[in-house]
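Written below as structure tokens is the structure these notes are about.
Proteins come first, then strands; the chains are lettered A, B, ... in the order of their sequence lines, and each starts at number 1.
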Amino acid sequence: MTTAKPVDVNGNAIEGHSHDDHHHEHPDGPFIAHHFETAEQQFDSGKLGMWLFLVQEILFFSGLFVAYIIYRNHNPEIFEAAHVHLDKWLGGLNTLVLLFSSLTMAWAVRCSQLEQHLGAVINIVITMVCANIFLGVKAIEYTHKWELGLFWASAYTYGQPQGDHPPYLLWISAPFIICTLVSTMLAIYFRVTASDFWFKFFLCMAISFSGYFGGLGIAWAMPSAEHADHGSAHGEVHASADPGHNASGENHEDDDHNGQPSDEHAKDEHAKDEHAKDEHAGDEHAGDEHAGESTHDQQKQEVNMGGFFSIYYIMTGLHAIHIIAGIIALTWLLYRVLALHFRKNYFGPVENVGLYWHLVDLIWIYLFPMMYLIH
Amino acid sequence: MSIAKQREKLFGHAPETNFLTESKGWASWLCTLDHKRIGIMYLIGVMGAFCLAGIFALILRIELFTPGQMFLGNQTYNRMFTLHGAIMVFVFIIPSIPAALGNFVLPVMLGAKDVAFPRLNLASFYLWMGGTFFFIVSMVSNALDTGWTFYTPYSVQTSTAVIAATTGVFILGFSSIFTGLNFIVTVNTMRPPGMTWFKMPLMLWALYSTAIIQVLATPVLAITGLLLMAERIIGLGIFDPALGGDPVLFQHFFWFYSHPAVYIMILPAMGIISELIAVHAQKKIFGYDFIAYSSIAIALLSFLVWGHHMFTSGQSEMVIVIFSALTFSVAIPSAVKVFNWVATLYKGSIALTTPMCYALSFIFLFGIGGLTGLPLGTLSTDIHLHDTYFVVAHFHYVMVGGTLIAFLGGLFHWWPKMFGRMYNERGGQWGALLVFVGFNVTFFPQFIMGSRGMPRRYARYDPEYQIFHQLSTIGAIILGIGLLIAGYVLITSLYRGKRAPGNPWGAATLEFQCCSPPTFHNFEHDVIVNDPYDYSSIEFDEKVDGYVPVEPAPAEESAPNPLPAETT
Amino acid sequence: MIQAFTVNNMVLFSQQREGSFSFPEQASNFAVSVDNTYAAIFWVSLLFFVAVNGVMVYFVAKYRRKDGKKAENSPSHNLPMELAWTILPSLILVVMFVQGALGYLEMRIPPESANAVERTIEVKAFKYGWQFIYPNGDITSELHLAQNVPVRFKISAKDALHSFFIREFRIKMDCVPGRYTECWVTPTMTRTPSECVTETESGEIEKGPKEPFHLQCAEYCGQGHSQMRTEWKEESKSWAFPVYVHDLSFEELEVFTRWKTGEHTPWKNGEFYFNAYGCVGCHAIGNNAQKIGPNFQSDGWNIGGKRDFSNGESITFDSESAIDNYISESINYSTKLVVKGYPNQMPKFEFDQDTLGHLIAFIRSPEAEPTNTSSNPSDSIETKSSDATSSEENK
């Protein structure tokens, strides 16, 4: 791993080597840091560092996996009833998209190792397009659920009449629309000013971001599966939990305790408090204890329907944030590949971003069956 | 070149510039990538946090002088003990040894020019600053009152600044993760030729084990913090029983990090003690392999015992019995270390320098801290002692009597190396004595209070405990004075102390092969890797007022033979 | 080995039940064995501690550096020794573990007799107080137990985490909201109210020669955490949350736990509820006392009196019934009207109208029973409905 030091080792005066050589270029190339002896040492360090970072990432997600297992264990029936709201076709599509992007990512690493710069650029752009398709599909999935009121535990209003809701899809898409437009405009600008490098860069970016709209389109094109599942889901949920007695009454009491009631429902707080009171009446008295408990059980079940979606949103949401972080890292790579930074003895950044991308992929490979498939 | 000249070059006069004088101005510090400067910035930062949290502790102790209210209301008391605990744990103790001292000594001890990722190292420091900033925000806005453990559902209900504090914990967590990651990679890939795993000083083994825990455990704290934030902001419902969540799950998550975190605190302290005992007794460390392996063993076992914080929270009997058994297993490697340290003293040449005074008090105090862990690991007695002052005394004996004492010992040991100045030895010894006495007077009565049933985190208490509380308060004041003396001795040395030689203690580890303070690249010459605990070829030289190698023979022999370092 | 050491315990920890320097009284079936296990661990630990530190001090004294004398040579490793001091402590630890685990399992598994429903007392912890519900439906804030009768506690919490800790019994169990936990105990020592509260010749009530057993909350739960404990209250001349053990059968405890509403005036009943439901935990009685919640007397209950709320609103009492309505609403919708300057921490209570009437009678005059007690408690409630609109406007 480490090789013999390329410095003289006879114990003689080596000062002069010491104070200021960090300002000088490393003999192995412009991107080798002064404190490394060789390019190989730097590559090994970077790669080990990345692996440790990935270990850290896995443990970061492990907490959520544990929470999933525990909740599934406590409330299997809720998970069974709730997971039909997830469209396994869209989930499956996203799985394929990510798997394909892993292939192109690995290919990009190989290309930059072989100094095939064009191949590296193409593969990185395809990877970014896939990442954006993934987010597009996810946006359709999320917004569809929000429209139905399938939120996390405290905001869960499924089965209640849904009033006017904000244009969720537009909100989510806004950053992508802006990014695509800005990239396109900058590409045109640099085309006009004949700045070839930046033209290529922003052209690639514009192509990448347009993948998001591809994702939206594909997801729209397969709505049949989504609606079919929902039809059956309605029946099941109504059977297991009476939507009229939603637990939000309890939530709002809790909000009161916090002194920060949620604005959204502040208006009808009073009415709901009253309602919850009725249900709890007599809870204080030992004789009525049983009535109190059964009410509580019923509520618990309804709340946990939201509990499934709490876990769903936090897990897929964090994963989506990792995808976005991956897009940012890929953008940085794209810049460096276009600037021809990488060569045979220096392609660590591509390799490391690749490792990261595979991990993000891998986490989805676990998330997909856990959330969408297991019955 | 003659031997005498070479000697003088290595250990005599300081070169014209060192890392402190190499460049000037605020920017040269704030943007530095030099691990030594980053270490010193951390040192200043964590000492500030320590003073702040220490003042909180003193105020708490004074309030507890009487059973009723003196000057702190219940709520203020709760906020203050919360901030004392949270700042001490997250902002001070966890980064104290690894990030402040470790950053300074790890690359030099290893014989490397810097850590593997200097930019990441600086980023860790700024993350630490960011996390601390959020803690300060939570302190001045609506001071946190959840206890440093953030137990749900109280942390979801309280109106205090839980989100700011959790953000702080989250950010500090990543600071800690990146420091650990950096250290692991540095030790794995940056070792110079000849520096094999078993030629590494034990401090490096300890820091390496610590880094493993930092990388593996801290992410769980990060996700816990994130979930708690989501719980408060949007009502996620994973921990809050009112939404169908499970508050005990939070405790599992929290302790899955925070128990290993206890070893993040104590392992590097044990590393320091291994160095101090050997150097200041001028004796080869006894049982090197056992001390090294026990560090790794502690690191791994630390992940299996978190459940012992929840013996009374309603887990199943089976789980509790298993956790109790695993808990006892951690006691063994710690005991092995203590035995080896004492055995090292045998036939040594023991100088009661300030670092050695701290090292000896460490063995005494950590002995009490460790042994009082036994009745806490034993199930039937723990049910009574859990959440009483017995626990408070136990973990203060380990964290203060262990980590803080070792931190101070290490600070005095490497101070000449860091700043090139010797401190007043007599003053340092007095400081160490007062700290030792004050500490025992503060915390020993708490064991008795605890076994008599005084619960922790009580703003008011039964008058029957008053005498113990009063002793404890008096002790805290003595402890405070001792720490002030130690701080005064160190700070005055900066402008009054005499110049430090390259090797003031006669150590054989690499950081004492370079001049004091080291130059930017640490070493003026190629490092010569020897046994880190072989003192036979080092001798006191009155001319330089420090230690020098007796014979440069190993240098001549090993130099032309650039052994490749063992790979991982 | 444990047996051998328990003989030594006598020196420091007596077998008498009066308690020792390190431990409170031994008042339950677990106490003796817990204390003995502790003592055994203590002596083993002390032995190791003295050995290690003795050797250390001896070495330091013997091998102090003199005149730059170098260290002598001696081996730096010794495998048999290392193995010895690894394995020997391990064996001792195994003994400790087994002893502790056996003692613990005994604590966890209640005997049949305690497990029965008629021996189960429900413990409800809340911010900041305790409530005990007996099998026959009695509710008090005092824990009354029968000597030598095993009893099981079914434990829950209304809001945050608490922990049910009685130090003389050596039992502790967390109170977790949303689930039940349990523990059991057989009290072995008696401690009756007459030992703990005495009346002087002049008829004044005073703290007795003994204290009741101490119930304490051991899990941090917020502002009033340290008030959730057995404590003598000078202002009310009574013990808060005392634990008494009687030399009676479990059924006979009814004498102490049952409150016969019909036999008392509304004020007396109100006083009882005030204690039983833990109001006393947060609301002080007496002119200067201050606790977490408002003091009922400080502003008085007069027509024309005013209360400011933390949400900026206020209410001015324009009639007797407005005062009654305000009090009843403050109890039933505790989080809605929070008096300015106090935290929003009061738990919910749902009382029937009789109980409310009694409480109002007490709250309006908590220090002494008014001479002209406002006749029938239901009167004040009936006026409530007619005035409901006016109080709505005030909110």
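With a threshold of 4.5 angstrom between heavy atoms, C/N73 approaches chain B through N, CA, C or O but not through any side-chain atom. For chain B, the nearby parts of C/M56 are the backbone and the side chain; heavy atoms of each come within less than 4.5 Å. For a residue to count as touching a neighbouring chain, one of its non-hydrogen atoms must lie under 4.5 Å from one of that chain's; by this rule B/R456 touches chain C with the backbone only. Neither the backbone nor the side chain of B/Y533 comes within contact range of chain C, judged by heavy atoms closer than 4.5 Å. Looking at C/I155, neither its backbone nor its side chain comes within 4.5 Å of chain B, counting heavy atoms on both sides. Of the atoms belonging to B/T327, not a single heavy atom falls under 4.5 Å from chain C. If you measure heavy-atom distances from B/Y77 to chain C, you find no contacts under 4.5 Å at all. Heavy-atom distances place the side chain of B/F81, and not its backbone, under 4.5 Å from chain C. Both the backbone and the side chain of B/F364 come within less than 4.5 Å of a heavy atom of chain C. Contacts between C/M228 and chain B at a heavy-atom distance below 4.5 Å involve the backbone alone (N, CA, C, O). Contacts of B/E464 with chain C are made by side-chain atoms alone, with heavy-atom separations under 4.5 Å and no backbone atom involved. Contact annotation for B/I538: only backbone heavy atoms (N, CA, C, O) come within less than 4.5 Å of a heavy atom of chain C. Looking at B/P375, the atoms closer than 4.5 Å to chain C (heavy atoms on both sides) sit in the backbone and in the side chain alike. For a residue to count as touching a neighbouring chain, one of its non-hydrogen atoms must lie under 4.5 Å from one of that chain's; by this rule B/S536 touches chain C with the backbone only. Heavy atoms closer than 4.5 Å to chain B are found in the side chain of C/F165, but not in its backbone. Within the 4.5 angstrom heavy-atom criterion, only backbone atoms of C/T230 (N, CA, C, O) approach chain B. In this structure, chain B has a heavy atom under 4.5 Å from the side chain of C/T181, while its backbone stays farther away. Neither the backbone nor the side chain of B/A335 comes within contact range of chain C, judged by heavy atoms closer than 4.5 Å. Only the side chain of C/V176 comes within contact range of chain B, with at least one heavy atom under 4.5 Å from a heavy atom of that chain. Of the atoms belonging to C/L93, heavy atoms from both backbone and side chain fall under 4.5 Å from chain B.
Interatomic distance, CG of B/L371 versus OG of B/S334, reported as 10.5 Å (0.5 Å rounding). In this structure, OG on B/S313 lies 7.0 Å from OH on B/Y151, to the nearest 0.5 angstrom. Rounding to the nearest 0.5 Å places CG of B/L385 at 6.5 Å from OH of C/Y38. The distance from atom NE2 of B/H308 to atom CD1 of B/I320, rounded to the nearest 0.5 Å, is 12.5 Å. To the nearest 0.5 Å, the span separating CZ on B/F339 from OG1 on C/T86 amounts to 8.5 Å.
A donor-acceptor contact under 3.5 angstrom links the side chains of B/N340 and C/E82, judged on distance only.
Among B/G314, B/G287, B/A281, B/G367, the residue making the largest number of heavy-atom pairs under 4.5 Å with chain C is B/G287. Note on B/V248, B/V338, B/T149, B/T344: by heavy-atom pairs under 4.5 Å with chain C, the leading option is B/V248. Note: B/A351 leads B/G147, B/A351, B/G73 in heavy-atom pairs under 4.5 Å with chain C. The candidate with the highest count of non-hydrogen atom pairs below 4.5 Å against chain B, out of C/K172, C/E182, C/R170, C/H77, is C/K172. Ranking C/A51, C/S33, C/S90, C/P89 against chain B, the residue ahead of the rest is C/S90, based on heavy-atom pairs under 4.5 Å. Comparing C/A160, C/S163, C/G103 by how many heavy-atom pairs each has under 4.5 Å with chain B, the most go to C/A160. When the candidates C/S76, C/A71, C/A101 are compared by the number of heavy-atom contacts under 4.5 Å with chain B, C/S76 comes out ahead. Of all the listed residues (C/Y104, C/W232, C/F97, C/Y63), the one sharing the greatest number of non-hydrogen pairs under 4.5 Å with chain B is C/Y63. Contact count versus chain B (heavy atoms, under 4.5 Å) is highest, among C/D159, C/V98, C/L105, C/V55, for C/D159.
The side chain to side chain contact (heavy atoms under 4.5 Å, CB included) search around B/S274 returns B/L202, B/I285, B/I291, B/W341, not counting sequence neighbours. Partners of B/T353 under the side chain to side chain donor-acceptor pair (under 3.5 Å) rule, at least two apart in sequence or in another chain, are B/H280.
Summarising the local packing, NE2 of C/H283 is surrounded by more than 12 heavy atoms from other residues, nucleotides or ligands at distances under 6.0 Å.
Taking the six-membered ring where tryptophan is involved, the planes of C/F59 and B/Y346 are tilted, since the angle between them lies from 30° to 60°.
What you find for C/W130 and C/A125 is that their closest heavy atoms are CZ3-CB, 3.6 Å. B/F390 and B/T372 make their closest contact through CE2-O, 3.5 Å (heavy atoms, listed as atom of the first residue, atom of the second, distance).
Inter-residue side-chain proximity for B/R460 and B/N74 is flagged as met; some heavy-atom pair is nearer than 4.5 Å. Taking 4.5 Å as the limit, some side-chain heavy atom of B/P153 sits within range of a side-chain heavy atom of C/P177.
Listed in order of number, the residues of residues 444-452 of chain B that approach chain C to under 4.5 Å between heavy atoms are B/I448, B/S451, B/R452.
For C/W184 and C/F30, the ring centers sit closer than 6.0 Å to each other. Between C/Y180 and C/F164, the distance from one ring center to the other does not fall under 6.0 angstrom. Here the two rings, on B/F254 and B/H309, have centers that are 6.0 Å apart or farther.
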Which atom pairs, donor and acceptor, lie under 3.5 Å between side-chain atoms of residues 216-224 of chain C and protein residues at least two apart or in another chain?
{"from": "C/Q216", "atom 1": "NE2", "to": "B/G453", "atom 2": "O", "distance (Å)": "2.9"}
{"from": "C/Y220", "atom 1": "OH", "to": "B/N78", "atom 2": "ND2", "distance (Å)": "3.3"}
{"from": "C/Y220", "atom 1": "OH", "to": "B/D145", "atom 2": "O", "distance (Å)": "2.5"}

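Of the possible donor and acceptor atoms, none in the side chain of C/E168 sits under 3.5 Å from a partner among the backbone N and O of C/S28.
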Next on the checklist: For a ring-ring contact (aromatic ring centres under 6.0 Å, His included) check, start with the C-alpha distance between B/Y458 and C/H225, then their side-chain angles and the critical distance, and finish with the verdict.
Outcome noted: CA-CA 7 Å; B/Y458 262 27; C/H225 175 48; 4.8 Å; yes

